[in-house]
Amino acid sequence: MKGLIKFEEVAMLAFSAWLFSTTGYAWYWFWVFLLAPDLSMIGYLAGPRIGAWLYNFFHHKALGLFLIFGGWFALAPMITAVGIVLFGHSSMDRAFGYGLKFQDDFKHTHLGWIGKGDV
């Protein structure tokens, strides 16, 4: 089952890359900014509670979808592109086993513990 779910996440990442190619921006910008949402980990400098909240905010697929549709309806292609990158990044993370974070430990995710064989 885990393999099937990882395949699904990889498919969503691939779909995001294709969707980005329809925005009119150069295709390579998708790959340049794909790791940008991980800057949200800086929040962990303020503690695990704030770090988990900030990380989860920028890694929640609903935020990406909200920006995609919001940008599309508002005719704001930059916002749409940012949403596509966020959605693709979240899919990539989940394919690698990195889920949304609990507040007790960075390695404790909704997919299990990172590095303990659960993911």
* **Ser21 side chain reached by Phe30 side chain, heavy atoms, under 4.5 Å** => no
* **Flag side-chain contact, heavy atom, 4.5 Å: His89 against Phe58** => no
* Asked: side chain to side chain contact (heavy atoms under 4.5 Å, CB included) between Ile42 and Leu54: does it pass, once the steps are laid out?
  -> CA-CA 9 Å; Ile42 292 172; Leu54 196 59; 5.9 Å; no
* Asked: Is the closest side-chain heavy-atom distance between Trp29 and Val85 below 4.5 Å?
  -> no
* Test of ring centre spacing under 6.0 Å for Trp31 and Tyr28 -> no
* To do: Assign the ring pair Tyr55 / His59 to parallel, tilted or perpendicular, where the plane angle (0 to 90°) is split at 30° and 60°.
  => parallel
* Give, for atom CD of Gln103 and atom CG of Asn56, the distance between the pair rounded to the nearest 0.5 Å. => 8.5 Å
* Min side-chain heavy-atom separation Pro37-Leu86 under 4.5 Å -> yes
* Asked: Could you state the interatomic distance from CZ (Phe87) to CG (Leu67), rounded to the nearest 0.5 Å?
  -> 12.5 Å
* To do: Let me see the working for Met12 and Glu9 under side chain to side chain contact (heavy atoms under 4.5 Å, CB included), right down to the final yes or no.
  => CA-CA 5 Å; Met12 285 188 270; Glu9 296 295 346; 3.3 Å; yes
* How many angstroms lie between CD1 in Ile84 and CH2 in Trp72, if you round to the nearest 0.5 Å? -> 12.0 Å
* CZ/Phe66: more than 12 non-hydrogen atoms of other groups inside 6.0 Å -> no
* State the CZ-CD1 distance between Phe96 and Ile114, to the nearest 0.5 angstrom. => 12.5 Å
* To do: Take atom NE2 of His60 as the centre, draw a 6.0 Å sphere, and report whether it contains more than 12 heavy atoms from other residues, nucleotides or ligands.
  => no
* side chain to side chain contact (heavy atoms under 4.5 Å, CB included) between Tyr98 and Thr109: does it pass, once the steps are laid out? -> CA-CA 7 Å; Tyr98 301 112; Thr109 78; 5.7 Å; no
* **Sub-4.5 Å side-chain heavy-atom contact between Leu19 and Thr80** => no
* Asked: Step by step, would you call Ser40 with Phe57 a side chain to side chain contact (heavy atoms under 4.5 Å, CB included)?
  -> CA-CA 9 Å; Ser40 64; Phe57 180 77; over 6 Å; no
* Residue of the set Leu13, Val10, Leu111, Ile5 for which side-chain contact (heavy atoms from CB on, under 4.5 Å) holds with Arg94 -> Leu111
* Short question: side chain of His108, backbone of Phe102 - any donor-acceptor pair under 3.5 Å? -> no
* CG on Leu100 to OG on Ser90, rounded to 0.5 Å -> 7.5 Å
